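For reference, the structure discussed in these notes is given below.
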Amino acid sequence: MGIFVEAMEKRGHKTSNRGVCFIEVVGMVLAGLEMTGGYFVAERFIYGNWAVPLLSVPWNIGQFVVGMIVAVILAEALYKTPARKFFTIKN
(Lines give C-alpha, C1' and ligand atoms only; values in the text may rest on other atoms or scores of the structure.)
Protein backbone atom coordinates (compact mmCIF):
# COMPACT_ATOMS: atom_id res chain seq x y z
CA MET A 1 0.00 0.00 0.00
CA GLY A 2 2.82 2.35 0.82
CA ILE A 3 4.40 1.74 -2.57
CA PHE A 4 1.24 2.97 -4.34
CA VAL A 5 0.99 6.10 -2.22
CA GLU A 6 4.71 6.87 -2.49
CA ALA A 7 4.72 6.42 -6.28
CA MET A 8 1.74 8.74 -6.71
CA GLU A 9 3.15 11.26 -4.27
CA LYS A 10 6.38 11.50 -6.27
CA ARG A 11 4.37 11.92 -9.50
CA GLY A 12 2.28 14.64 -7.90
CA HIS A 13 5.20 16.49 -6.34
CA LYS A 14 4.37 20.14 -6.12
CA THR A 15 6.45 23.14 -5.23
CA SER A 16 4.08 24.47 -2.58
CA ASN A 17 2.95 22.76 0.60
CA ARG A 18 -0.70 23.68 0.36
CA GLY A 19 -2.08 20.29 1.22
CA VAL A 20 -2.96 16.97 -0.29
CA CYS A 21 -3.09 17.00 -4.09
CA PHE A 22 -5.41 14.97 -6.30
CA ILE A 23 -2.74 12.46 -7.39
CA GLU A 24 -2.03 11.61 -3.75
CA VAL A 25 -5.72 10.83 -3.25
CA VAL A 26 -5.54 8.60 -6.35
CA GLY A 27 -2.61 6.79 -4.73
CA MET A 28 -4.66 6.28 -1.57
CA VAL A 29 -7.55 4.84 -3.59
CA LEU A 30 -5.21 2.44 -5.45
CA ALA A 31 -3.67 1.40 -2.13
CA GLY A 32 -7.13 0.79 -0.67
CA LEU A 33 -8.17 -1.31 -3.65
CA GLU A 34 -4.97 -3.32 -3.30
CA MET A 35 -5.74 -3.85 0.39
CA THR A 36 -9.28 -5.00 -0.39
CA GLY A 37 -8.06 -7.39 -3.08
CA GLY A 38 -5.33 -8.75 -0.82
CA TYR A 39 -7.78 -9.41 1.99
CA PHE A 40 -10.16 -11.05 -0.49
CA VAL A 41 -7.51 -13.47 -1.77
CA ALA A 42 -6.17 -14.22 1.72
CA GLU A 43 -9.65 -14.91 3.07
CA ARG A 44 -10.31 -17.23 0.14
CA PHE A 45 -7.50 -19.46 1.39
CA ILE A 46 -8.53 -19.08 5.03
CA TYR A 47 -12.20 -20.01 4.44
CA GLY A 48 -11.66 -22.35 1.49
CA ASN A 49 -14.17 -20.75 -0.89
CA TRP A 50 -14.80 -17.54 -2.80
CA ALA A 51 -18.29 -16.78 -1.42
CA VAL A 52 -17.43 -15.94 2.18
CA PRO A 53 -14.75 -13.32 1.33
CA LEU A 54 -17.30 -11.47 -0.82
CA LEU A 55 -19.14 -10.51 2.37
CA SER A 56 -16.07 -8.69 3.70
CA VAL A 57 -15.44 -6.62 0.56
CA PRO A 58 -17.88 -3.78 1.47
CA TRP A 59 -16.42 -3.59 4.99
CA ASN A 60 -12.87 -3.44 3.65
CA ILE A 61 -13.83 -0.70 1.21
CA GLY A 62 -15.45 1.18 4.09
CA GLN A 63 -12.28 0.74 6.14
CA PHE A 64 -10.05 2.27 3.50
CA VAL A 65 -12.50 5.10 2.71
CA VAL A 66 -12.70 6.12 6.38
CA GLY A 67 -8.92 5.80 6.70
CA MET A 68 -8.40 7.91 3.60
CA ILE A 69 -10.75 10.63 4.88
CA VAL A 70 -8.99 10.73 8.25
CA ALA A 71 -5.57 10.83 6.55
CA VAL A 72 -6.57 13.72 4.27
CA ILE A 73 -8.05 15.71 7.18
CA LEU A 74 -4.96 15.15 9.34
CA ALA A 75 -2.58 15.94 6.49
CA GLU A 76 -4.42 19.15 5.65
CA ALA A 77 -4.25 20.19 9.31
CA LEU A 78 -0.56 19.32 9.60
CA TYR A 79 0.31 21.21 6.40
CA LYS A 80 -0.80 24.37 8.24
CA THR A 81 1.74 23.81 11.04
CA PRO A 82 5.54 23.83 11.14
CA ALA A 83 5.32 20.04 10.74
CA ARG A 84 4.79 20.57 6.97
CA LYS A 85 8.57 20.40 6.51
CA PHE A 86 8.35 16.67 7.30
CA PHE A 87 5.97 16.17 4.34
CA THR A 88 8.15 17.86 1.74
CA ILE A 89 9.66 15.56 -0.86
CA LYS A 90 13.31 16.26 -1.41
CA ASN A 91 14.81 15.16 -4.72
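Fair warning: this is a prediction, and the values are worked out from it, not measured in the lab.
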Co-membership, hydrophobic cluster, residues [X] and [Y], 4.5 Å side-chain:
| X | Y | value |
| --- | --- | --- |
| Val57 | Tyr47 | no |
| Val52 | Val41 | no |
| Leu33 | Ile3 | no |
| Trp50 | Leu54 | yes |

Shortest non-hydrogen contact from [X] to [Y]?
| X | Y | result |
| --- | --- | --- |
| Val29 | Met68 | CG2-SD, 3.7 Å |
| Pro53 | Phe40 | CB-CD1, 3.4 Å |
| Glu24 | Tyr79 | OE2-OH, 4.4 Å |
| Glu43 | Ser56 | OE1-OG, 2.5 Å |

State the OH-CD1 distance between Tyr39 and Ile61, to the nearest 0.5 angstrom.
->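 The CD1 atom of Ile61 is 13.5 Å from OH of Tyr39, to the nearest 0.5 Å.
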Any Met35 side-chain heavy atom under 4.5 Å of Asn60 side chain =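 SC-SC contact between Met35 and Asn60 confirmed.
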What residues, two or more places apart in sequence or in another chain, satisfy side-chain contact (heavy atoms from CB on, under 4.5 Å) together with Leu30?
->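 Counting only residues at least two positions away or on another chain, Leu30 forms a side-chain contact (heavy atoms from CB on, under 4.5 Å) with Phe4, Met8, Val26.
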